[in-house]
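Lettering follows sequence order; numbering is per chain, from 1. Because the structure is predicted, anything quoted here is derived from the model rather than measured.
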Amino acid sequence: MQTKLSTQYNPKEIEDKWYQFWEENGFFHSVPDPSKEPYTIVIPPPNVTGVLHMGHALNNIIQDILIRWRRMQGYNTLWMPGTDHAGIATQNVVERELATKRIKREQLGRERFIEEVWKWKNQYGSTIIKQLKKLGSSCDWARERFTMDEGLSTAVKETFVTLYERGLIYKGKYIINWCPRCRTALADDEVEHEEHEGHLWHIKYPFRDAPHLFLVVATTRPETMLGDIAVAVNPKDDRYKDMVGEILTLPIVGRELPIIADEFVDPSFGTGAVKVTPAHDPNDFEMGKRHNLTPIVVIQENGVMNELAGDYEGMDRFECRDALIEELKLKKFIEMVTPYKHSVGHCYRCHTVIEPYISDQWFVRMRPLADAAIKASKKKSVTFFPERWEKIYLSWLENVRDWCISRQIWWGHRIPAWYCQDCDAITVARDVPTKCSKCNSITLKQDEDVLDTWFSSALWPFSTMGWPRETPELRYYYPTSTLVTDRGIIYFWVARMVMMGLEIMRHVPFTNVYIHGTILDELGRKMSKSLGNGIDPLVMINQYGADAVRFSIIVLTTEGQDIKLSESRFEMGRNFTNKLWNAARFIIMNLEEEHPEEIRLEPADYQFEDRWILSRLNTTIKACTLYLEQFKFNDAAMKVYDFTWHSFCDWYIEIIKTRLYEPISYRDKKVAQTILTKVFGQILHLLHPFIPFITEELWQSLKGVASKSKIDIMEGMRHEYLIRDAWPQEDKRYEDQVCEENMAILQDVIRAIRNIRSKMNIREKQKLDAVISVSGDGECGLENHSDLLKRMANIEHLEIGKDLTKPANSASEVVGKIQAFVPLADIIDPVAEKERQLKHLKQLEDYLLVVRRKLENKNFSARAPAHVVTMEQNRERELLEQISKIKLILNDLG
RNA sequence: GGGCGAUUAGCUCAAUUGGCUAGAGCACUUGCCUUACAAGCAAGGGGUCAUAGGUUCGAGUCCUAUAUCGCCCACCA
């Protein structure tokens, strides 16, 4: 490992090197080991067609932090990676690619098309995997799975057949969401509803027996009227109830439509009369069933009107709408048109307007599965973080409708159902059946449809472990520990995994679900291709380094809140990694010795600052660990950041410089070097889950130099590489509250003197004299630290004592019970000094007012807890003391 | 129409569950190229915690409205 470090950190030199090293040494790999406790995460499998975006980055950074942290804690960690075959998305991508060669998938036929998809997958499908590696994701790549793998396909078939046998899967003709472009059915939640500024067309339907009279119906989709078979009114609607049973004539078409009564109709909406089109509207479909009406289909699967549309046959549905309106207008059937805002369903893949469509589809009976999933979360077998997502999950499960799982596309898991060509019976089987289960005919034809992609994703936590085989993995890793995902797929994926886990494995698939926020652009908009407002994580990694990207993102991630992101945010992480790099440089430069001797630290060796930094470190370890346990990643990261930068670098390193440069003894220098190295080593450990590359690099350098200098930093360590080393443990022996408090006072005094220097325009290099006066009962042992004080405030002569008087012509600062005086002779600017004191006085008096108001309130002393009252009383006394001191100073200034 | 989240410094966000003068990062001001780091150091300035009520000894925090923004859900044609 290199020991010469350049002045600026260059991530490019080390990131790929370390990733490769870790992976090649099997550090990401896990095998079942019953002597250790497992910690398992299954990755939300990105689409094979996917390219890493910021959402993926956030998602995987969090998972990697959890995995790396638990790995260091000694868990047998498995991060199971893989990709999703993403049926419709992938088919679309490959179709588009073929289109550039002027090939349509129909020309190729099913088998050859699927070959093309596999070819595409093998060529491009690993893009996102490579990108995840760039981020530092420590997945067990030896176990990588793909939802179309042989093993996973077996799991899909097994599940389908099992559910079918249990009566949880059925086939039937229902109205479903149809995408006329993808030409497939979609599940309810694959439809995205968008507000749309449309029109409400009021159309006059004449009475058959009195053609000059009309009933007016309102619709947003006039083209569907061609499939009308009735008009419905509410049975309680006085305007219409007498007309029920009468017959209307459908304009243009001339079909006779009975007026029917149905509770569904809302009398207050529109005209209170509804056209009934069971073939093209889900509500009408239900209504049609209730009244035994036979639907009339007028729109074909490609969105084009069929032969029953009469003159409109062959027209696209929207063309037809316009043309039909023209004709209705011409023939005076339009009573009025009102602008109307309503939501329109779109395909979540291609954004085409969804058409409700009647077809033969496979469904999963959701009620029993959902009930089990509800129970599981209510008894906390699954816990959500933040917990508010549980409500969202529950409300979906409580209202869930049966899940349409068949898709009329080619890329996906073919439904394991065969139709007998002789008797029409359905044979559902694990293996290709040789004969019909009913009539034994051998002329069987497999169902053409494939399963919804989410069907296979729902099995991910156990299909990836080898199920339905009884594998050691399944026994050891299932159920997994934590699922990390975003709120967008709580229904699609999380709820369905819980349902399938419970139904198939008889156990929830994971115990915790952590839902992180969504990454937005700096204006708070979603990042999207169409807006072009995305920030490419790989570009950022290239520019700032993977660690900087990870750290910046995680610092911005407060529990479950969305994150507004802009490129400049990554500077923070970069600055921090650079700071860390330079802290390491400092340490390494100051460790090398020509003839190092090994020393054993004795308690008596520790200086004040040593005890302080060790105590602070201990506090940091405790807090960081606790925050990680609570999924508060940004708090955990910020704690270590603050300790590293503002305690370790700003103070500890600065304080011990003289011990290194002008040591009072070899031993004391060695003590400082040892503490410096050990604490920094622990910092690297704490930061490793967040910023793995730089910490591993620096740890290796540090270890090398430390061993040359005969400093043992391996005590208590488990492994020579940080990635496998032990997570820092809090050690109560280092806890030293008094030391931390005294240091805080010292820091205040030092700041006060530096402030005087700054306000009086005195150069930092110029030595000053100072008098520190501690008031009567003040006990902080300042005099024990006069060297430290002199060094850090650059003081020549320092006098510390009780109730000392203010030297003439001095600037002063009141810090709690302490007064700092800096005699300045003619340098002092009396006007500026007086101004400064007056300002401080005003601050204190304002504060005193607040405190007094509380104390003067009778109820306060009566009702507030005693310790709060005492606290306020003490504060009042302290304030009065300070104020009187400042007044004396002001008197002295004249 | 229902639900959820947000509203705190110029910007992006915190605030340990109601109790010490509301904290960070960026930006800003002043002084420093001090032999770890100018991607840095030192010292500062900056806030009626969206609004209005209420509960309480005490409210950024709890309750009730209101406003603005965002997300999700819903079969009103």
Roughly how far apart, to the nearest Å, are [N] and [M] at atom [atom1]?
| N | M | atom1 | value |
| --- | --- | --- | --- |
| B:U68 | B:C20 | C1' | 35 Å |
| B:U7 | B:A52 | C1' | 16 Å |
| B:G70 | B:C26 | P | 30 Å |
| B:G19 | B:G3 | C1' | 34 Å |
| B:C62 | B:A43 | C1' | 40 Å |

Nearest to the side chain of [X], which nucleotide is it out of [options]?
| X | options | value |
| --- | --- | --- |
| A:F586 | B:G19, B:C71, B:A36 | B:A36 |
| A:F860 | B:A39, B:A77, B:G19 | B:G19 |
| A:M638 | B:A36, B:A77, B:A24 | B:A24 |
| A:K759 | B:C71, B:G44, B:C37 | B:G44 |
| A:T7 | B:A36, B:C11, B:C37 | B:C37 |
| A:R763 | B:A77, B:G19, B:C32 | B:C32 |
| A:R569 | B:C37, B:C72, B:C11 | B:C11 |
| A:R388 | B:C4, B:A77, B:A36 | B:C4 |

Lys/Arg N to Asp/Glu carboxylate O, [X] vs [Y], below 4.0 Å:
| X | Y | result |
| --- | --- | --- |
| A:R875 | A:E878 | no |
| A:D562 | A:R487 | yes |
| A:D521 | A:K564 | no |

Does a nitrogen or oxygen in the side chain of [X] sit under 4.0 Å from OP1 or OP2 of [N]?
| X | N | result |
| --- | --- | --- |
| A:R754 | B:A43 | yes |
| A:N755 | B:G44 | yes |
| A:K579 | B:A38 | no |
| A:T558 | B:A14 | yes |
| A:K765 | B:G31 | no |
| A:K564 | B:U12 | yes |
| A:Y661 | B:A36 | yes |
| A:N575 | B:G40 | yes |
| A:Y544 | B:A39 | no |
| A:K657 | B:A36 | yes |
| A:H646 | B:G25 | yes |
| A:Q561 | B:C13 | no |
| A:W389 | B:C73 | no |

Practice prompt. For side chain to side chain contact (heavy atoms under 4.5 Å, CB included), just list the numbers for A:H280 and A:F285, CA-CA rounded to whole Å, side-chain angles, deciding distance to a tenth of an Å, and then say yes or no.
Written response: CA-CA 7 Å; A:H280 299 291; A:F285 179 78; over 6 Å; no

Item to complete: May I have the distance from A:K391 (atom NZ) to B:G2 (atom C1'), rounded to whole angstrom?
Response: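 Answer to the nearest Å: 13 Å.
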
Worksheet item: Separation of A:F631 atom CZ from B:U16 atom P, in whole Å?
Response: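 For the pair A:F631 CZ and B:U16 P, the rounded distance is 20 Å.
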
Select base, sugar-phosphate, or nothing to describe what [X] touches, counting heavy atoms under 4.0 Å on all strands.
| X | result |
| --- | --- |
| A:K526 | sugar-phosphate |
| A:I392 | nothing |
| A:D846 | nothing |
| A:W645 | sugar-phosphate |
| A:A583 | base |

Worksheet item: Start at the 5' end of RNA chain B and walk down; is the nucleotide closest to A:P865 or to A:Y641 reached first?
Response: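 Closest to the 5' end, via its nearest nucleotide, is A:P865.
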
Discussion item. With nearest nucleotide decided by heavy atoms, which residue, A:N578 or A:N859, maps closer to the 5′ end of RNA chain B?
Written reply: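 With A:N578 and A:N859 compared, the 5'-side residue is A:N578.
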
Worksheet entry | Donor + acceptor pair across side chains of A:K639, A:T619 (<3.5 Å) |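 Short answer, no.
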
Worksheet item: Would A:D228 and A:Y205 count as having a side-chain donor-acceptor pair, cut-off 3.5 Å?
Response: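 A:Y205 and A:D228 do have a side-chain donor-acceptor pair below 3.5 Å.
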
Worksheet item: Taking N and O atoms by type only, does the side chain of A:E571 place a donor or acceptor under 3.5 Å from a partner on the base of B:G25?
Response: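 Between B:G25 and A:E571, which were checked side chain against base, a qualifying N/O pair under 3.5 Å is absent.
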
Worksheet entry | hbond_proxy A:E764 side chain to B:A42 base (donor-acceptor, 3.5 Å cutoff) |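 No such pair is found, so the answer is no.
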
Discussion item. For a side chain to side chain contact (heavy atoms under 4.5 Å, CB included) check, start with the C-alpha distance between A:I753 and A:I795, then their side-chain angles and the critical distance, and finish with the verdict.
Written reply: CA-CA 9 Å; A:I753 293 168; A:I795 290 166; 3.6 Å; yes

Worksheet item: Are A:W645 and A:Y641 near enough that their ring centres are under 6.0 Å apart?
Response: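 Yes, ring centres under 6.0 Å apart.
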
Worksheet item: Mind telling me whether B:U68 is syn or anti, cutoff 90° either side of 0?
Response: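 Base orientation relative to the sugar is anti.
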
